[in-house]
Amino acid sequence: MNNVQKFVWKISGEQGEGIDSTGHIFAHNAFKNGFYISSYRKYSSRIKGGNTTFEVLFSQQEVYARSKKLDVLIALDEKAVLISKEQIKENTFIIYDEATNIEEIDSVKAIKISLPLTKIARDITGNALSKNMVALGASLAIFQNLSYEYIFKQIEKRFSKKSIEIVENNKKAFLAGYQLVKNYIKQNNLNEIIIPTNLTNNKKMSLLTGNEALVLGMLYAGVKYFAGYPITPASSILEMMIRNIRDFGGVAIQTEDEISAINSVIGASIAGVRAATATSGPGFSLMVEAIGYSYITETPIVLIDVQRGGPSTGLPTKTEDSDILNVVFCGHGDIEKIVLFPSNPYEMFIFANIAFNLAEKYQLPVILLSDLNLGENTYTTDYIDLNKIDIKIDRGKYVDNNTKANFLNESNGVLKRYAITEDGISYRIIPGTSGFSYQISGNEHDEEGFITENSNIRYNMMLKRKRKLQNFNEYYVDYTDIGSNPQIAFISYGFNYYYLLDVLKELYNKTNIPLRLIKIITIYPFPIKQLEELINNMNKVIFFEQNMLGQLRKLYYMFNGSKESLLINKFDGEPFYFEDLYEKVYQIIYNKVKV
């Protein structure tokens, strides 16, 4: 296996001044040039002010984990160098505005290029904020062979609604920065960063955030009602659903709070449509009582939890996977729900569809987990080809005027909404189905929904609901063997899986130690049998998590996991750098540390 060539570009400046847009334009251009992309955004819990960064890792091969080896830094505010100091090396190019007093710029060893970014922007566009475009052009000049054709297309896409003049001025600003640095490099005998050309990647890919892929998945799954309340990092899901769902015959609304959101979703589902909501930790906490209501009324809903740092308000703009135990066990009384944790944008699309099928098949809540790192950052992912996706909509025992005849034949002419059945799943009679009526209540009830405190009925209804998941077999567990006959297994979930995949490939390349990497997507019901089979013959088992308690590892032992294991974890709100994770893994494999 050859060493992977990685390149890291980063822009850092004041929040609210176009840093995010500039980063997206660079990522899109690199993607269109044939590179794999893994981006990382870092921003503050405020609308404007404070530092924000956007870094783009790109390579001719699949890469995921952010790196400390920074090639280019655009430093647009005072804190930019200080914040990125651990990534700056002697061969890092730093482009900065001569009009800005950059802290610690004199103390770092790097290739520093001071430019009149603000002056050029004002002269060309009349707007100082266009310095981002000047700096973007300057940064591209450092990379030999990196075409800027698609940057112009992005400028046209983003500014054409304003005016042709603004589009052309931004192109001029970009070219001014580009030519200025090309000349600077030549005059100072500097070496450009040479990137590969004639890339052989013929695989069709998409460039998406997890939240974007999720929205596409929900629309494809036939969601007709979505409700939510803004909360970082799930807000973009609500915004995209509001913009797009009408084109698919649906409705999306912003409610007054999370409690209203989930209860309206339950109401829409009772009325017969596929319905969902999305939130993050604090909002999820407010929804818990309604999750119990969904369970006891056997109403299928899908709830998306894009996790962030907790507890309480916690770290609103940082990533963490610390809701796992909460979503599995939340709610008073005996409640079960299905919990899924996809690992990349493509899987977010796929499992959005699977989540609705499972919710309607088993008539209970399904929780789809994500996190800020997966939800908000942009990655190359498998192309979503609808012609090749074989997921049919399955609405389960869905009884309306069109389907009731089939179900009446199946049930000997008697349909009860909460009928006690062998598999625990009753007939979901949609209101308005002629010839049928029933009660809906969060109280315990009989087969027709009438409230009861009869102990025998209570006992049988509890067992009926329990039977739903006793024969559950939709376990999604995957694994990759790096090398033959591995004796060491790593277990993870979400996008953490891909950070670890980067590291394990590199480790195998250097040590030739075979390794197994296991991906857990079905969090609950916990796939204990499947996992035990995959690690049974392993000499060492390591869980990799983005939380303090090692919550997946705890679940493993709660469900009678038998293997001893170690834990690599991080819980400061930031994902691992490749270099730091590599060192952790190396030390564990060679027994140099206790974890």
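In this structure, Lys68 pairs ionically with Asp580, as a charged nitrogen and a carboxylate oxygen lie closer than 4.0 Å. Of the charged side-chain nitrogens involved, at least one lies within less than 4.0 Å of a carboxylate oxygen, so that Glu347 and Lys519 count as a salt-bridged pair. A salt bridge links Arg428 with Glu360: at least one charged nitrogen is closer than 4.0 Å to a carboxylate oxygen. With salt bridges taken as basic N to acidic carboxylate O contacts below 4.0 Å, none links Asp423 and Arg467. Checked for salt-bridge contact, Lys570 and Glu574 miss the test: no charged N lies under 4.0 Å from a carboxylate O. Residues Glu55 and Arg66 are paired through a salt bridge, judged by an N-O separation under 4.0 Å between the basic side chain and the carboxylate. Between Glu336 and Arg465 there is no salt bridge, since no side-chain nitrogen of the basic residue lies less than 4.0 Å from a carboxylate oxygen of the acidic one. One finds no salt bridge joining Lys540 and Glu564 here, because no Lys/Arg side-chain nitrogen approaches an Asp/Glu carboxylate oxygen to under 4.0 Å. With salt bridges taken as basic N to acidic carboxylate O contacts below 4.0 Å, one links Asp390 and Lys392. Salt bridge present: Glu298 and Lys464 bring a charged side-chain N and a carboxylate O closer than 4.0 Å.
Taking the six-membered ring for Trp, Phe31 and Tyr36 have ring centres at least 6.0 Å apart.
With sequence neighbours excluded, the residues satisfying side-chain contact (heavy atoms from CB on, under 4.5 Å) with Leu549 are Gln551, Lys554. Every residue two or more places apart in sequence or in another chain that forms a side-chain hydrogen bond (donor to acceptor under 3.5 Å, both in side chains) with Asp481 is listed here: Arg516.
The minimum heavy-atom distance between Ala489 and Ile518, with the atom names listed, is CB-CD1, 4.3 Å.
A cation-pi arrangement is not found for Arg553 relative to Tyr556, the charged atom failing to lie both closer than 6.0 Å to the ring centre and inside a 45° cone about the ring normal. Lys6 forms a cation-pi arrangement with Phe578, by the criterion of a distance under 6.0 Å to the ring centre and an angle within 45° of the ring axis.
Between Gln363 and Tyr418, the side chains place no donor N or O within less than 3.5 Å of an acceptor N or O (distance only, hydrogens not considered).
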